[in-house]
2 protein chains.
Amino acid sequence: MAPNITKKIKEIALRVTPQRHAILKFLEGNVTHPSAENIHHKLLKKMPNISFTTVYNTLSKLVEAGKIQEVYIDPNKKRFDPRIDPHHHFYCKVCGKVFDVGYDAPFSVIINPLNTKKLDGHQVDEIQIYIKGLCKDCRSKR
Amino acid sequence: MAPNITKKIKEIALRVTPQRHAILKFLEGNVTHPSAENIHHKLLKKMPNISFTTVYNTLSKLVEAGKIQEVYIDPNKKRFDPRIDPHHHFYCKVCGKVFDVGYDAPFSVIINPLNTKKLDGHQVDEIQIYIKGLCKDCRSKR
DNA sequence: TTTTATTTTGTAATAATTACAAATATGGCA
DNA sequence: TGCCATATTTGTAATTATTACAAAATAAAA
């Protein structure tokens, strides 16, 4: 098993299991923002007994530990993203694909989470920017 | 029945019904971002036979017509907002309340939806900014 | 190798959303 | 005003995603 993935698991969970390893390996570098069901379905091919509950629970733990993030841009289900550096998301209303969008444009965002004054005293923990529309592929089909 | 609400219904739907009127009236000026279930539950007090399906279907039509908006900031359910002018949303992770946030701060956003170049060719229809954290009320209880 | 606590599995419960057909009500028209 | 065609509402049930739970299996330490 890849040592870097094993290391990641040890950082957050006590035990290293083949299931957890497979889930993290599948997510690594994955830019499709899969749902829990997507992930489970794909892993079943190589690991025919892995249960949905295990996938679901592992994803929850990874999110809780800050190793991956949940993306709520899809109205129907949670999507998961291994990238945790600052970036935005684009959701295609036609095909449902989710794309990463760079932190810069087509808008500039200057965030200062420490300043709660203009947020009526609320404490800001995270800011997510969701962009919706028609993706490049679906556009070219029109 | 209030003529302005009746007018709004006529603009989008052929028939004006007491149910649709009650739903729109309940939403008007409502800043709590209620869920479909919230709305149904409240309306039952004055209209004991209104069904959840009617509430749900009417909300869908209002969203489709652009008279209200769906807010996906709550991980558990859709929330509805009668405000359709540009503004952001804050979600309290503790109490689940959703607050409107002004379009300006604590970050500045310069949006140019027409520029698709930096979005890899995707066509932008809407941009939503979701802020999560601890709301003022919950903060003061700590 | 044995032991203990964690993890996985499989199933089932919960909750939100959506589909559908029968009953009802709206709005146009005579 | 009263009738009729069509849209809407209702109530129930199906679908889908998420979560809970306990028994069986496994990882890691002794």
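Bear in mind the structure is a predicted one, so any value in this text is a computation, not a measurement. Letters A, B, ... are given to chains in the order of the sequence lines, protein chains preceding strands, and every chain is numbered from 1.
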Between A:Val16 and A:Lys10, is any pair of side-chain heavy atoms under 4.5 Å apart? yes
Interatomic distance, B:Asn57 CG vs C:dT17 P [rounded to whole Å]: 13 Å
Does OP1 or OP2 of D:dT10 have a side-chain N or O of B:Gln19 closer than 4.0 Å? yes
Which nucleotide in the set C:dG27, D:dT8, D:dA28 lies at the smallest distance from any side-chain heavy atom of B:Val16? C:dG27
What do you reckon, are the aromatic ring centroids of A:Phe99 and B:His122 less than 6.0 Å apart? yes
Which nucleotide sits closest to the side chain of B:Thr53: D:dT9, C:dT17, D:dT12? D:dT12
Return the value, rounded to whole Å, for the distance between atom CD1 of B:Ile50 and atom P of C:dT24. 17 Å
Specify the residue among A:Lys78 and B:Thr58 whose closest nucleotide of DNA chain D lies further upstream toward the 5′ end. B:Thr58
Given C:dA16, C:dT26, C:dT9, the nucleotide with the shortest approach to the side chain of B:Pro18: C:dT26
Could you check whether atom NE2 of A:His87 has more than 12 heavy atoms from other residues, nucleotides or ligands sitting under 6.0 Å from it? yes
Contact class for A:Lys61 vs. all strands (heavy atom < 4.0 Å): base, sugar-phosphate, or nothing? sugar-phosphate
What is the distance, to the nearest angstrom, from the CG atom on B:Leu44 to the C1' atom on D:dG11? 13 Å
Closest-nucleotide 5' rank along DNA chain C - winner of B:Arg79 and B:Lys10: B:Arg79
Take atom NZ of B:Lys77 and atom P of D:dT18, then tell me their distance rounded to the nearest Å. 14 Å
Starting at the 5' end of DNA chain D, which residue's closest nucleotide do you reach first, B:Arg15 or B:Thr54? B:Arg15
Quick one: A:His21 NE2 to D:dA27 P, roughly how many Å, whole number? 13 Å
Between B:Thr17 and D:dT9, is there a contact of a side-chain N or O with OP1 or OP2 at under 4.0 Å? yes
Over how many whole Å does the gap from B:His40 atom NE2 to C:dA15 atom P extend? 17 Å
Any side-chain heavy-atom pair from B:Lys8 and B:Leu24 closer than 4.5 angstrom? yes
Measure from OH on A:Tyr72 to P on D:dT18 and round the result to the nearest Å. 9 Å
So, do A:His88 and A:Tyr130 have ring centers that fall under 6.0 Å from each other? no
Once you apply a heavy-atom cut-off of 4.0 Å, does A:Asn76 come out as touching a base, just sugar-phosphate, or nothing? sugar-phosphate
Length of the CZ-P vector between B:Phe52 and D:dG11, whole Å: 14 Å
